[in-house]
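Below are the structure tokens for one structure; questions will follow.
These numbers were taken from a predicted model, which means no experiment stands behind them.
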2 protein chains.
Amino acid sequence: MNDTDPGAVPWLSADEQRSWRAFVRLHMKLTARMAADLQAHSGLSSSDFEVLVALTDVPEGRVRFQDLAKGIDWEQSRLSHQIRRMAKRDLVAREECEEDGRGAYVAISAHGRAVIEAAAPKHVATVRRLVLDALTPEEFAELGRLSAKVTDQIERTRP
Amino acid sequence: MNDTDPGAVPWLSADEQRSWRAFVRLHMKLTARMAADLQAHSGLSSSDFEVLVALTDVPEGRVRFQDLAKGIDWEQSRLSHQIRRMAKRDLVAREECEEDGRGAYVAISAHGRAVIEAAAPKHVATVRRLVLDALTPEEFAELGRLSAKVTDQIERTRP
DNA sequence: ACCTTCTAGTTGACGCGTCATCTAACTAGC
DNA sequence: GCTAGTTAGATGACGCGTCAACTAGAAGGT
């Protein structure tokens with residue numbers, strides 16, 4: 001925990017540390033605010049939102065569990081729990097799968113569709129207000145570019 | 001959910017959407033990987049780590065609950081739960097506060113100190129490997145600058 | 001047909017974070 | 001001193017996410 005500790009793995013320089021902390025701080029603040037906003041305006045958690053968006057992205061409004069999990073990069077068990085809770089609130093419904101007796105579809109409900117269609121524009125507005133409006137278009141593009149670059153590195157560096 | 005929907009709040013352009021999704025994806029991947037890494041190498045959660053870092057940042061190694069909560073920007077109740085769990089694992093200890101009968105200190109234990117001192121260099125190495133190494137110094141500085149800019153905007157825009 | 005093996009999804013336990021609520025102790029005004 | 005209001009922190013309930021079993025159906029070889 002000491003920068004001058006000899007023989008230690010090099011700590012971050014003051015500049016690096018400042019950048020890193022700014023970055024971490026942004027993560028914290030942004031996720032917290034987006035979640036609060038979504039909850040306040042639409043009664044949805046970020047997870048609810050993510051699932052509903054994925055379901056409205058396919059025309060039929062229903063997807064196999066497995067495919068949905070892959071699509072949003074979730075563990076399958078997490079999805080199972082989430083869908084159970086969402087079904088209880090009538091945002092989605094489980095449906096049997098005729099082709100494969102083990103499988104199941106998760107389908108968006110009419111209510112779920114209404115909720116997500118009301119929530120989405122507010123969500124976009126929040127993204128605009130909190131992020132897009134803070135940056136020039138060039139800066140925002142750069143942020144995206146740098147993000148992609150780091151993500152690539154993360155995926156290249158296998159655990 | 002439709003870009004061409006007239007009268008709707010403007011959705012993001014294709015470019016904007018690509019940048020935004022890259023950014024969100026980075027958040028997801030990075031937090032997941034960092035947490036997994038920390039857990040694997042040191043048996044600590046990100047929360048554990050954050051608390052221990054805050055505690056080693058003060059020379060006495062003990063801080064009042066309230067101050068600690070403010071320092072790491074946590075809800076007081078969250079901290080209370082977290083400290084209870086950490087105390088059970090002998091990473092920290094509660095200590096009474098003589099000056100204020102309501103108050104309490106949370107103090108890092110010898111074991112906690114050993115754990116964090118082993119964990120910190122590995123954590124820094126991971127940050128370097130996953131993020132710093134993906135970018136030029138200029139790019140990393142730019143990432144920090146943009147992060148700070150957006151964070152400012154978020155804090156300016158009060159909920 | 002039978003038996004392994006794989007795959008789809010579920011479930012229960014447990015750690016985590018939030019919210020609302022509670023207790024105890026400090027502070028101010030009288 | 002007493003009382004009202006505030007502050008420090010704890011606690012219980014509940015939703016969430018992970019991990020490790022577990023169930024049931026599909027596939028493929030014999």
Any ion pair linking Lys149(B) and Asp152(B) (charged N to carboxylate O, less than 4.0 Å)?
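Not counted as a salt bridge, because no side-chain N and carboxylate O are separated by less than 4.0 Å.
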Between P of dG17(C) and CD of Gln39(A), the distance in whole Å:
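Taking CD of Gln39(A) and P of dG17(C), I get 17 Å after rounding.
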A correct 5'-to-3' footprint of nucleotides 6-15 of chain C, with B, S and - meaning base, sugar-phosphate only and no protein heavy atom under 4.0 Å, is -BSBBBB---
Please report the distance, rounded to the nearest Å, between CG in Leu38(A) and P in dT18(C).
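Whole-Å distance recorded here is 16 Å.
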Whole-Å gap separating C1' (dT7(D)) and CD (Glu75(B)):
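That distance rounds to 16 Å.
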Whole angstrom is fine here: how far is it from CD in Glu96(B) over to P in dA25(C)?
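My rounded result for the distance is 10 Å.
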State plainly whether the residues Lys29(B) and Asp73(A) are in salt-bridge range, i.e. N to O under 4.0 Å.
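A salt bridge is present here (some side-chain N lies under 4.0 Å from a carboxylate O).
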Would you mind reading off the distance between Ile83(B) atom CD1 and dT11(D) atom C1', rounded to a whole angstrom?
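Distance, rounded to whole Å: 16 Å.
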For the residue pair Asp90(A) and His111(A), what are the closest heavy atoms and their distance?
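Looks like O-ND1, 3.2 Å.
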Please figure out whether Glu98(A) or Asp48(A) has its closest DNA chain D nucleotide nearer the 5' end.
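Whichever sits nearer the 5' end wins; that is Asp48(A).
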Using 30° and 60° as the class limits, which term best fits the ring planes of Phe23(B) and His27(A): parallel, tilted or perpendicular?
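Perpendicular, since the angle between the ring planes exceeds 60°.
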Lys/Arg-Asp/Glu bridge criterion (N-O < 4.0 Å) met for Arg64(B), Glu95(B)
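Salt bridge between Arg64(B) and Glu95(B), a charged N being under 4.0 Å from a carboxylate O: no.
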Please determine, by modelled atom types, if His81(B) and Arg78(B) share a side-chain donor-acceptor pair under 3.5 angstrom.
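Short answer, no.
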Specify the separation, in whole Å, of atom CZ of Arg89(B) and atom C1' of dC16(C).
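Going from CZ in Arg89(B) over to C1' in dC16(C) covers 11 Å.
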From CD of Glu99(A) over to P of dA27(D), roughly how many Å is that when rounded to an integer?
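Atom CD in Glu99(A) sits about 12 Å away from atom P in dA27(D).
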Give the rounded distance in Å between these two atoms: CZ of Arg33(B) and P of dT18(D).
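Those two atoms, CZ and P, are 15 Å apart.
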